[in-house]
> 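Have a look at this one.
Just follow the structure's listing: the first ligand is 1, and inside any ligand the first atom is 1. Heads up: numbering here begins at 1 and tracks the sequence. Given the structure is predicted, the values throughout are model-derived calculations rather than measurements. Any value given below was found using the heavy atoms of this structure, including those in side chains, with hydrogens, waters and symmetry copies removed.
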Amino acid sequence: MAKLTKMAMNNKALVLFPLPFQGHINPMLQLANILYTKGFKIIIIHTNFNSPNPSNYPQFTFKSISDGLSTSKDKSLNLDTTNHAINFMNKSCIDPFAVCLAKLLEVEPVACLISDALWHFTQSITDRLKLKRIVLRTSSMSCIPLYAALVLGEKSYYKTTIKEELALMTEMDIEKIYKGGLEKAKAELICNMINETKAASGIIFNTFKELEEPAFLAISQVFQIPSFAIGPFHTYFPVSHSSLIEQDRSSISWLDQQPVHSVVYVSFGSIAQMSESEFTNMAWGLANSKQRFLWVVRPGSVTGSQWLEALPKGFAEEVVERGRIVKWAPQQEVLAHQAIGCFWTHNGWNSTLESICEGVPMICSPCSYDQPINARYVTDVWKIGVMLDNREEAGKIIKRVIMGKEGSEMRHRSKSLQEKVNQSLQKGGSACQSLENLVDSILSF
Ligand code: UDX
């Protein structure tokens with residue numbers, strides 16, 4: 001009865017605004033589906049760049065806005081890195097977004113805007129339009145206090161809240177977060193993201209309490225706003241359809257022919273770039289491991305190559321019987337496949353969660369952003385993976401994880417973490433309760 005009353009009250013729409021990158025679009029559209037089942041009408045505002053496919057979501061309304069990326073005539077503009085592109089769009093989208101949102105408000109009762117935290121410009125627009133704004137942070141919760149301390153220099157966190165995280169991190173981890181020094185674009189982005197989130201009405205995380213317990217205290221010191229940890233989002237529905245690149249389904253038919261727990265799945269997400277020598281070392285690592293592998297090499301991810309030009313001579317012949325390379329895979333289904341023995345990953349937060357939810361041990365080679373801290377949790381806190389910094393050692397480490405006792409122990413611990421996920425999502429569990437709190441909070445606006 002209470003449920004029915006709540007559903008009936010949800011006659012207001014929610015406007016969601018995903019950041020146009022795969023690791024951000026996936027969780028935002030999963031969140032849209034979750035809130036749709038709670039009775040809200042969903043309107044997605046999206047940029048023309050990396051636009052999601054509306055035909056995969058007939059239940060939502062889509063509104064596209066210009067992002068200025070393809071039309072910019074400023075030749076000096078450096079959009080080579082994701083940070084620069086995001087900073088650029090945080091300026092170029094101001095007017096198109098404000099116009100689109102104002103028009104919507106004229107014809108729809110809207111409860112609030114749910115914006116990616118990295119769309120920091122949206123706070124001042126919702127302030128002007130007197131609309132509440134909740135942010136979605138798509139990375140781990142743990143990385144936020146660390147960013148606040150390292151990037152904003154809010155040193156008080158060093159001594160108190162993030163002591164545990166800092167104790168985990170090596171100098172190399174911190175160097176990776178900075179990646180070649182704390183470049184101005186990244187510092188500007190993180191600074192704006194944190195400051196504008198402080199002014200929001202709430203923050204949603206794709207995590208759950210039992211997974212990142214220490215971060216819960218720290219987060220309440222960084223942001224004095226309600227936080228809702230309702231993840232992992234992807235577990236609410238069978239598979240999502242928000243892939244920007246076509247997923248190669250032959251990966252699954254190939255896995256069907258491989259023995260149980262025998263295959264290393266290798267993928268470094270949608271943004272990470274690697275040098276030719278890092279790529280070559282990975283290839284030899286896979287060859288030397290003598291294990292079966294499914295390797296996602298995203299076109300353009302190896303600097304200076306279109307796709308596989310940098311593969312070392314002799315590699316294809318060496319691995320022909322036991323290896324498969326694809327441009328993009330149906331990752332969630334791959335990780336759920338019984339043939340998968342471990343996941344060699346960059347520890348993007350979505351990949352990390354997807355692996356945890358399938359009980360798959362990880363080999364961790366984080367690149368930047370939140371990935372180094374995610375990887376430390378995997379290896380040192382949850383103990384469901386091993387760190388691989390030197391890719392030349394890949395062969396040895398893959399063998400250890402796929403064939404050794406250590407691998408089966410990690411698989412065992414991973415299964416018990418998987419059970420915690422399930423408990424958290426059940427009635428009375430922390431994520432389930434947090435979702436109820438989120439709905440109540442939105443209804444109170
Ligand atoms: C980025 C950051 O790197 C990450 O740390 C942050 O938390 C979110 O934004 P990305 O690097 O793309 O994301 O990694 P990740 O978070 O793992 O997201 C990749 C998504 O693409 C996953 O949902 C994964 O399932 C999907 N994917 C990846 C595929 O569908 N097919 C593939 O072949 C590879």
> Using 4.0 Å as the upper bound for N to carboxylate O, is an ion pair formed by R413 and E419?
no
> Which one of D380, V381, N374, T379 satisfies the side chain to side chain contact (heavy atoms under 4.5 Å, CB included) criterion with Y377?
V381
> Students should be able to answer this: which protein heavy-atom is nearest to atom 16 (O) of ligand 1, and at what distance?
N350 ND2, 2.8 Å
> Atom 31 (N) of ligand 1: which protein heavy atom is closest, and how many Å away?
A329 O, 2.7 Å
> Specify side chain, backbone, both or neither for H234, according to which of its non-hydrogen atoms lie closer than 4.0 Å to ligand 1.
neither
> Check each heavy atom of S267 against ligand 1 and say whether those closer than 4.0 Å belong to the side chain, the backbone, both or neither.
side chain
> Touching ligand 1 at all, H346? Heavy atoms, strictly under 4.0 Å?
yes
> In this structure, which one of K383, R400, K399 forms a salt bridge (Lys or Arg N to Asp or Glu O under 4.0 Å) with E406?
R400
> S270 heavy atoms, cut-off 4.0 Å: which ligand 1 atoms fall inside?
10 (P), 11 (O), 12 (O)
> Please tell me if the side chains of L308 and F315 come closer than 4.5 Å, counting only heavy atoms from C-beta onward.
no
> Just jot down the ligand 1 atoms closer than 4.0 angstrom to any heavy atom of Q371, in number order.
2 (C), 3 (O), 5 (O)
> Are the charged groups of R133 and E196 less than 4.0 angstrom apart, N to O?
no
> For D67 and N48, indicate whether the former's side chain and the latter's backbone hold a donor-acceptor pair under 3.5 Å.
yes
> Provide, to 0.1 Å, the distance between atom 34 (C) of ligand 1 and the closest protein heavy atom, together with that atom's residue and name.
Q331 OE1, 3.2 Å
> Using 0.5 Å steps for rounding, measure from the CD atom of Q22 to the OG atom of S243.
4.5 Å
> Checking contacts here: is it the side chain or the backbone of N26 that comes within 4.0 Å of ligand 1, counting heavy atoms only? Could be both or neither.
side chain
> What protein heavy atom sits nearest atom 13 (O) of ligand 1, and how far off is it?
G23 CA, 3.6 Å
> What protein heavy atom lies closest to atom 25 (O) of ligand 1? Include the residue and the distance to one decimal.
E354 OE1, 2.7 Å
> How far is atom 17 (O) of ligand 1 from its nearest protein heavy atom, and which residue and atom name does that atom have?
S351 OG, 2.5 Å
> With rounding to the nearest 0.5 angstrom, report the CZ to CG distance, F233 to L435.
9.5 Å
> Determine, for K209 against E213, whether the closest basic-nitrogen to carboxylate-oxygen distance falls under 4.0 angstrom.
yes
> Taking the ring of W295 and the ring of F279, is the distance between their centroids below 6.0 Å?
yes
> If you have a sec, work out which protein heavy atom is nearest atom 6 (C) of ligand 1 and how many Å separate them, to one decimal?
D370 OD1, 3.7 Å
> Identify, by atom number and element, the atoms of ligand 1 in contact range of S139, meaning under 4.0 Å from any of its heavy atoms.
7 (O)
> Which ligand 1 atoms does G348 reach within 4.0 Å, using its non-hydrogen atoms?
4 (C), 5 (O), 14 (O), 15 (P), 16 (O), 17 (O)
> Give me the residue, atom name and distance of the protein heavy atom closest to atom 27 (N) of ligand 1.
W328 CZ2, 3.3 Å
> Salt bridge check: are D248 and K327 linked by an N-O gap of less than 4.0 Å?
no
> Which of the atoms in ligand 1, numbered in the order shown and given with their element, are less than 4.0 Å from a heavy-atom of Q22?
21 (O)
> Can you see whether Y369 has K176 sitting over its ring - NZ or CZ less than 6.0 Å from the centre and within 45° of the normal?
no
> Does Y265 approach ligand 1 within less than 4.0 angstrom via side chain, backbone, both or neither, non-hydrogen atoms only?
side chain
> Residue-level breakdown please: for Q247 versus ligand 1, do any non-hydrogen atoms fall below 4.0 Å on the side chain, on the backbone, on both, or on neither?
side chain
